[in-house]
Amino acid sequence: MKYGFIGCGNMGGAVARALSKSTKEIMVSDRSGKAAALAEELGISYGNNQRIASQCDVIFLGVKPHMMRDMLQPLQPILAQRKPMLVTMAAGLTIDAIEEFAAVRLPVIRMMPNTPTAVGKGVIQYCGNDLVEDGVLQDWLRDMQPCGLLDPLEERLIDAASALSGSGPAYMYVFLEALADGAVACGIPRAKALEYAAMTMAGAAEMYLQTKQHPGAMKDAVCSPGGSTIMGLRALEQRGFRGAAMECVLQTYAKNKELGKQ
Ligand SMILES: NC(=O)c1ccc[n+]([C@@H]2O[C@H](COP(=O)([O-])OP(=O)(O)OC[C@H]3O[C@@H](n4cnc5c(N)ncnc54)[C@H](OP(=O)(O)O)[C@@H]3O)[C@@H](O)[C@H]2O)c1
């Protein structure tokens, strides 16, 4: 299977990086030429949108949602002729919208990745239309394995999942940086503080993934009665940490739904 990426920035680039561990049959394109350096680094090829549309079997669409219509419009004749499989990662845009912009019914997978895909720790929800053949889907899933977790999800829930895992790395980085700032304020050197914060987040997440214990129970195991951790938690609760985290996901979800209406 020959893969193409039209748009290869932060997210397309992360997926291309992981996919290149399975196959080097990948061509990427962008407007500025920045993706040429990535292509060279990964040992894949750099082309343009027309070449990708006319040569690739599976084409990832890695442009911003509001650019999708204009990007696909000049490719309509070649898409109608070849009917390659399109894989959209655009926040908010439905499979129906992609078919409308392509002006043809063709196999479409909608996926929602996140940037840790670049290091094999991504979370990717996906769904497809009725034209995606099972054999092709299985080949795609096999090649995508170096990305991380791939989980099938109904299309109506993709915007919600996107608000958690698609956008989530940004929220994690703010928490990570803030925890490290606190440690720096207590006298820990910056590099150590960042490493301790990152390993603590990764370790806590790994414990949950391995044990599936309720997070509240694992939190309780760190909080000695009358101890210092519970005082830290009180500070988080006093400042509305849980409510802020919930509201963060809800507001991202609302914006995702708005993007789909543009
Ligand atoms: N960033 C994330 O964490 C994340 C997570 C989940 C989903 N997504 C989705 O992923 C998509 C890309 O987001 P991003 O953050 O990766 O954006 P980005 O870094 O700005 O990348 C967009 C890419 O599209 C290229 N591009 C724009 N118009 C083009 C055209 N007409 N032909 C060819 N290439 C074109 C850009 O090229 P130039 O740089 O040369 O202009 C750039 O390589 C969006 O739809 C977004 O909703 C992103």
Side-chain angles (χ1 to χ4, degrees), residues 3-19 26-42 44-56 59-76 78-79 86-95 97-98 101-102 108-127 144 147-151 153 155 157-174 248-249 252-262:
Y3 291 97
F5 284 79
I6 299 182
C8 202
N10 291 316
M11 198 59 255
V15 177
R17 185 175 289 281
L19 186 66
I26 303 173
M27 183 185 289
V28 299
S29 73
D30 62 359
R31 293 175 303 185
S32 59
K34 276 186 280 182
L38 181 77
E40 193 176 344
E41 181 199 334
L42 300 179
I44 59 179
S45 55
Y46 181 74
N48 58 42
N49 298 1
Q50 291 288 343
R51 277 181 64 199
I52 288 177
S54 53
Q55 292 176 19
C56 295
I59 303 174
F60 289 86
L61 309 174
V63 303
K64 294 284 189 196
H66 69 276
M67 295 173 173
M68 194 67 85
R69 185 191 292 271
D70 288 349
M71 185 277 286
L72 285 174
Q73 202 267 334
L75 304 177
Q76 286 172 357
I78 189 81
L79 294 177
L86 302 183
V87 183
T88 173
M89 60 188 83
L93 285 188
T94 61
I95 290 176
I98 297 299
F101 299 163
V108 181
I109 287 181
R110 179 177 175 192
M111 71 171 194
M112 183 43 60
N114 63 9
T115 52
T117 294
V119 293
K121 294 283 181 182
V123 176
I124 301 181
Q125 298 85 11
Y126 68 91
C127 56
M144 290 286 284
C147 292
L149 174 72
L150 282 131
D151 195 48
L153 192 69
E155 185 168 26
L157 295 176
I158 294 271
D159 284 340
S162 167
L164 172 57
S165 53
S167 301
Y171 313 140
M172 300 299 164
Y173 293 131
V174 168
C248 159
V249 175
T252 308
Y253 177 49
K255 181 67 183 182
N256 283 341
K257 293 213 292 191
E258 233 177 78
L259 287 175
K261 290 187 197 134
Q262 283 170 7

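Indexing begins at 1, ligand by ligand and atom by atom, following the structure's order. Starting from 1, each residue takes its place in the sequence as its number. The model shown is predicted, which means the values in this text are computed figures rather than measured ones.
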For T115, the atoms of ligand 1 under 4.0 Å from one of its heavy atoms are 3 (O)
Please could you name the atoms of ligand 1 that G9 approaches to less than 4.0 Å, counting only its heavy atoms? 16 (O), 19 (O), 21 (O), 23 (C), 42 (C), 43 (O)
Going by distance only, is there an N or O of K64 that falls short of 3.5 Å from an N or O of ligand 1? yes
Identify the protein heavy atom lying closest to atom 25 (C) of ligand 1, giving its residue, its atom name and the separation to 0.1 Å. G7 CA, 3.5 Å
Atom 19 (O) of ligand 1: closest protein heavy atom, distance to 0.1 Å, is N10 N, 2.9 Å
Of all the non-hydrogen atoms in the protein, which one sits nearest to atom 43 (O) of ligand 1, and at what distance? C8 N, 3.1 Å
Test of understanding: given a 4.0 Å heavy-atom threshold, classify the contact between M68 and ligand 1 as side chain, backbone, both, or neither. neither
Which atoms of ligand 1 have any heavy atom of G62 under 4.0 Å away? 11 (C), 12 (C), 22 (C), 23 (C), 24 (O)
Candidates M111, K34, M89, M11; heavy atom nearest atom 9 (C) of ligand 1 found on M89
Short version for M67: what comes under 4.0 Å of ligand 1, heavy atoms counted, is side chain
Please state which part of L259 comes within less than 4.0 Å of ligand 1, counting heavy atoms only: side chain, backbone, both or neither. neither
Shortest protein contact, atom 47 (O) of ligand 1 (heavy atom only): A91 N, 2.9 Å
